[in-house]
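Step one of this worksheet: look at the structure below.
Atom set for the values below is all heavy atoms of this structure, side chains included, hydrogens, waters and symmetry mates excluded. One is the number of the first residue; the rest follow in order along the sequence. Bear in mind that the values here come from a model prediction, so they are computed numbers and not experimental data.
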Amino acid sequence: MLHIKPIGAVAVLTFVGAGALLASVFLSPTSLDKATEIAESEGQAAVHTESLPRPREDATRSRLLRSIDPAVLRPLNGRAFQIVRLEDARPEGDALDYIQALLSRSAAGEAVATYRIYLAVRDCQIYVTGAAERALDAQGGGPSGLLKIDRKLDECAALSGNTPLKEGDWLSKAAEQGSLEAQLMYAIDVDSVLGTPSQRLAQPERVVEWKANSMAYLESAASAGSVDAVLRLSSAYSNGILVRADPERAYAYALVLGRTNADSSSNALAREMERRLSTKQQESARHLSHQIYQSCCSP
């Protein structure tokens, strides 16, 4: 049973080009670390116990899988799976109408509906703020990309005038309702959850809560077989933003990725991490990776 402290959020993802969905969230280690230092000095820092993902009971795992849009769920080896979202965040048409059609389902506790609202709101934010146009310029996009931007701006016009909807905490709500995909995004969407760097420094206790919640969400998702969560746990132990850096544990999670055949680049990532460890550390990490794989992804 997860005990998650609720934190308000808006949302963040990036949709660029012909329907491609790219995560474009930039964690700010400086502001996050500074805020954590402030919280620790005030006795507010939560202690995260480093643990392995616990294997989920079939019923619990089934519930988590039902929280994922079937269209984006990709089965892998054993119990492992990956989320691959390549389509636009929402269907063509007025964004406000689309969101309003989902509100009653979201209010009734349907996590998938709430996460779709999150995606739609963020999709509009990207186009209204000019982020999509800047990305198109950087990629050297042609006329078709500009036509899509114009269409998106028209579709998002009504939503732009609805402050309660466009600034709602849809990501946090979807994560709390049990959307595994939202829980994954919560862990990397620092701007949505915590706001600007200055806002993080002003409320350091929220940074501590976000870190604790993020690790709990990732471990829960990993225990259900999510290789996206395994990847992010490897990153977390490598960069030391969410939790204290642990190169051995980061390498162990990277080795698990290689066993799931989720992405051929995971093997290169593991080799890079391996070069930074002693022989003894490598042996310890391999033993740990076996435990992690058994607990998250084995048949």
Cluster check F81, V112: I/L/V/M/F/W/Y, side chain < 4.5 angstrom: no

Side-chain donor or acceptor of S67 paired with backbone N/O of L64 under 3.5 Å: yes

Donor-acceptor under 3.5 Å (S295 side chain, Q291 main chain): yes

Donor-acceptor contact below 3.5 Å, side chain D246 vs main chain R249: yes

D228 side chain to I83 backbone, donor-acceptor under 3.5 Å: yes

Y251-E274 side chain donor-acceptor pair, cut-off 3.5 Å: yes

Whether S214 side chain and W210 backbone form a donor-acceptor pair below 3.5 Å: yes

Pair R200 + D191, salt bridge at N-O below 4.0 Å: yes

Parallel, tilted or perpendicular: rings of Y217 and Y186 (30°, 60°): perpendicular

Pair L171-M185, side chain to side chain contact (heavy atoms under 4.5 Å, CB included): steps then yes or no: CA-CA 8 Å; L171 178 58; M185 187 53 62; 4.1 Å; yes

Check: S289 side chain, L255 main-chain N or O, donor-acceptor pair, under 3.5 Å: no

Closest non-hydrogen atom pair between A113 and S106, with its separation: CB-N, 4.0 Å

Under 3.5 Å: donor-acceptor pair, side chain of E155, backbone of A95: no

Exercise: identify the closest heavy-atom pair between A111 and G178: CB-C, 4.2 Å

Residues T114, S179; criterion side chain to side chain contact (heavy atoms under 4.5 Å, CB included); working and verdict: CA-CA 9 Å; T114 305; S179 166; over 6 Å; no

K211 side chain to I241 backbone, donor-acceptor under 3.5 Å: yes

Atom of A254, atom of M273 and distance for their closest heavy-atom approach: CB-SD, 3.8 Å

Short N-O contact, R90 and D97, less than 4.0 angstrom: no

Minimum-distance pair of heavy atoms, taken over all atoms of R206 and V193: NH2-O, 3.0 Å

Flag, side chain of E110 to backbone of R105, donor-acceptor distance under 3.5 Å: no

Over all atoms of both residues, closest heavy-atom pair of Q177 and G109: NE2-CA, 3.5 Å

Test: D88 and K152 ion pair at under 4.0 Å: yes

Side-chain donor/acceptor of E283 to backbone N/O of K280, under 3.5 Å: no

Closest heavy-atom pair and its distance - S238, A245: O-CB, 4.3 Å

